[in-house]
K.L.:
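Right, I'll just put the structure down here and ask away after.
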Number of protein chains: 2
Amino acid sequence: MQLSQQLFTKYSTGCPKVAAFCYIAAQLHDYLGYMTLLIRAEKKQQTRQALLDAALTLMADGQGFSAVSLREVTRQVGIVPAAFYRHFPDMDALGLALVEQVSSTFREAIRLVRRNELEQYGAIHASVRIFAEYVVAYRQHFLFLAREQYGGSAAVRQAINAMQRDFITDLEADLALSPRLSHLGPEDYEVLASLVVKTVFTTLPELINPHESDQPDSRSPAHQLEDKLRFILIGAKHWRGIKARTDGD
Amino acid sequence: MQLSQQLFTKYSTGCPKVAAFCYIAAQLHDYLGYMTLLIRAEKKQQTRQALLDAALTLMADGQGFSAVSLREVTRQVGIVPAAFYRHFPDMDALGLALVEQVSSTFREAIRLVRRNELEQYGAIHASVRIFAEYVVAYRQHFLFLAREQYGGSAAVRQAINAMQRDFITDLEADLALSPRLSHLGPEDYEVLASLVVKTVFTTLPELINPHESDQPDSRSPAHQLEDKLRFILIGAKHWRGIKARTDGD
DNA sequence: TTGAGAAGTGAACAAGTGTTTACCAAGATG
DNA sequence: CATCTTGGTAAACACTTGTTCACTTCTCAA
């Protein structure tokens, strides 16, 4: 809570009584969190964020995002239902804001992984480990992605699909730079990138709840994801071009 | 409607007036569908099926299964809400029945595809084409699978996951019989089967709505699925065993 | 033929929902 | 200082939801 410190030093210069009061107020601010002594814009954005977080939490232990009601969200935040409309016109709008936010944490995860040269087979292990750790750290965000990519509100679904396509395009460009895959054609890159991204997306639920879909004798979800990516990349390495093959059919 | 014929021949022997009436009644039965002249068990099962179909339809152009209300379903079928409880104790129970039904049409699709020797690379094209046609023919069923595999009711989700695991186990056994893949270990089969099944599952929405997530310049969803499976199987063919590789990390 | 049982009815119940309206207190601005 | 702006309040609105209960029919079997 550096804001309280800032307010404290700002207003406490001069009269010692004011200083004392400001100190107490700052403590109170620290205690109450966000309710007191905030400039309006800050406070508004904080309520907005609280709404987003509440929706995420309610969705996590519920029936999915479209089953979360406007009133539930406001109740969790501690404001009256009508106040919701000061921030979003709709629950769909909140959902879209959520997609935007979640997609940025996903991007951060990718940025972390990119340091480990995806092209090299040996790096898959480290990359998957990093990614899996990030997923459990932000499990609500990735749970939202996994659940709402198909089911639920059409607007949210399309937004997630668009985000997914962005990732595929990025990865496509990335794969095209790899010398190991220089024998592939442009369409091959697209299909390969799509396969990798969708494989990662389908593994999200298992990475989040390792226990839910457990066969006790099988490898951990992260290990399985590693192997899957290896299968795919080995296939890409030995890919001889689809033209010759489809002509043969 | 062979039932009407059956009833006609059963009751119309003797008096010609009765025969004439029975004929009209049989015609009426054919016209009204299921409302008239049905023995109880048959009629009950028909209402039950109507409830299942209604739920499927409402979910298809809506927010997913968990957003379909009990009252909506009964309204669509044309019965009163209370009558729902004569067939299912719950909407969740209806969902589970739906999973069972849908999973059997999925099994039928697999049965059709199995005739085309999945092991051989050349057969992928034909197999995918058959599967894709089956998917559009039963689009509501596969839409249900695609949407509810993650989001929505926990019971339905777990049922679909269990079904998916059955498919994976089956395919695992199938792959183990292929001479082309005899160099793989038992864990490899599991991972490979999981990768194939999940790849097919993720492609379902695109196979159903080929327009929705369209990049105009890219290949058709069915073609993409073909190529993805080729990537995977080529990777499996050149797989040298994970032990050596993971030890190297 | 009569009586049990079950599918479907109709009305009522308490909750919960999204949205609107007038209002208030307090930060921002002149 | 006064004034506008704005995040939040309180109450009401018209609905929809799941569930219950006593009821009517009508089948099926004894």
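Just the heavy atoms: all of them, side chains too, but no hydrogens, waters or symmetry mates, feed the values below. Chain A is the first sequence line, chain B the second, and so forth, proteins listed ahead of strands; every chain is numbered from 1.
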K.L.:
Nearest whole Å is fine: how far is C/dA28 C1' from A/Lys44 NZ?
P.N.:
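Result: 14 Å.
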K.L.:
Whole angstrom is fine here: how far is it from NZ in A/Lys43 over to C1' in D/dT6?
P.N.:
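One finds 11 Å between C1' of D/dT6 and NZ of A/Lys43, rounded.
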K.L.:
Find which nucleotide of DNA chain D each of B/Ala41 and B/Ser69 is nearest to by heavy atoms, and output the residue with the more 5' nucleotide.
P.N.:
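Its nearest nucleotide lies further toward 5', so the answer is B/Ser69.
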K.L.:
When the distance from CZ of A/Phe84 to P of C/dT17 is rounded to whole Å, what number comes out?
P.N.:
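Distance, rounded to whole Å: 13 Å.
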K.L.:
Quick one: is C/dG8 close enough that its OP1 or OP2 comes under 4.0 Å of any side-chain N or O from B/Thr47?
P.N.:
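Checking B/Thr47 against C/dG8: at least one side-chain N or O falls below 4.0 Å of OP1 or OP2.
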K.L.:
Considering non-hydrogen atoms only, spot the tightest contact between B/Val77 and B/Ala54 and give its length.
P.N.:
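Closest heavy-atom pair between B/Val77 and B/Ala54: CG2-CB, 3.8 Å.
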K.L.:
NA contact type, A/Tyr85, heavy-atom cut-off 4.0 Å: base, sugar-phosphate, or nothing?
P.N.:
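Base contact.
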K.L.:
Which listed nucleotide (C/dT19, C/dT9, D/dG8) is nearest to the side chain of A/Asp90?
P.N.:
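Looking only at heavy atoms from C-beta outward on A/Asp90, the closest nucleotide is C/dT19.
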K.L.:
How many Å lie between CD1 on B/Ile39 and P on D/dC26, as a whole number?
P.N.:
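Distance check: B/Ile39 CD1 to D/dC26 P gives 18 Å.
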K.L.:
Nearest whole Å is fine: how far is C/dA26 P from A/Arg86 CZ?
P.N.:
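Taking CZ of A/Arg86 and P of C/dA26, I get 17 Å after rounding.
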K.L.:
Under 3.5 Å, is there an N or O donor on one side and an acceptor on the other linking the side chain of A/Arg40 and the base of D/dG7?
P.N.:
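Absent.
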K.L.:
Tell me which nucleotide among C/dG10, D/dT19, D/dT17 gets nearest to the side chain of B/Pro81.
P.N.:
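Looking only at heavy atoms from C-beta outward on B/Pro81, the closest nucleotide is D/dT19.
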K.L.:
Fit a plane to each ring of A/Phe201 and A/Phe167, take the angle between them on a 0 to 90° scale, and name the class: parallel (under 30°), tilted (30 to 60°) or perpendicular (over 60°).
P.N.:
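A/Phe201 and A/Phe167: tilted rings.
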K.L.:
Map A/Pro89 and B/Ala83 onto DNA chain C by nearest heavy atom, then report which one ends up closer to the 5' terminus.
P.N.:
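Checking each residue's closest nucleotide, the 5'-ward one belongs to B/Ala83.
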K.L.:
Kindly compute the distance separating CD (B/Gln45) from CD (B/Gln49), expressed to the nearest 0.5 Å.
P.N.:
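Going from the CD atom of B/Gln45 to the CD atom of B/Gln49 covers 7.5 Å.
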K.L.:
Are A/Phe106 and A/Phe142 an aromatic pair, judged by ring center distance below 6.0 Å?
P.N.:
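Centroid separation for A/Phe142 and A/Phe106: below 6.0 Å.
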K.L.:
Looking at every strand, decide which applies to B/Arg75 at a 4.0 Å heavy-atom threshold: base, sugar-phosphate, or nothing.
P.N.:
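Touches sugar-phosphate only.
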K.L.:
Using a distance-only criterion (donor-acceptor N/O pair, under 3.5 Å, no hydrogens), is the base of C/dG16 paired with the side chain of A/Arg71?
P.N.:
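Flag unset: no donor-acceptor pair detected.
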K.L.:
Can we say B/Glu108 and B/Arg111 salt-bridge, meaning some charged N sits less than 4.0 Å from an Asp/Glu carboxylate O?
P.N.:
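Salt bridge between B/Glu108 and B/Arg111, a charged N being under 4.0 Å from a carboxylate O: yes.
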K.L.:
Using atom CG of B/Leu70 as one end and atom P of D/dT20 as the other, report the distance to the nearest whole Å.
P.N.:
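B/Leu70 atom CG is separated from D/dT20 atom P by 11 Å.
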K.L.:
Between B/Arg48 (CZ) and C/dG8 (P), how many Å, whole number?
P.N.:
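Distance, rounded to whole Å: 13 Å.
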K.L.:
Using whole Å, report how far NE2 of B/His87 lies from P of D/dT19.
P.N.:
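Those two atoms, NE2 and P, are 16 Å apart.
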K.L.:
Counting side-chain heavy atoms from CB outward, which of C/dT9, D/dG7, D/dA10 is closest to B/Ile79?
P.N.:
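Nearest to the side chain of B/Ile79 among the choices is C/dT9.
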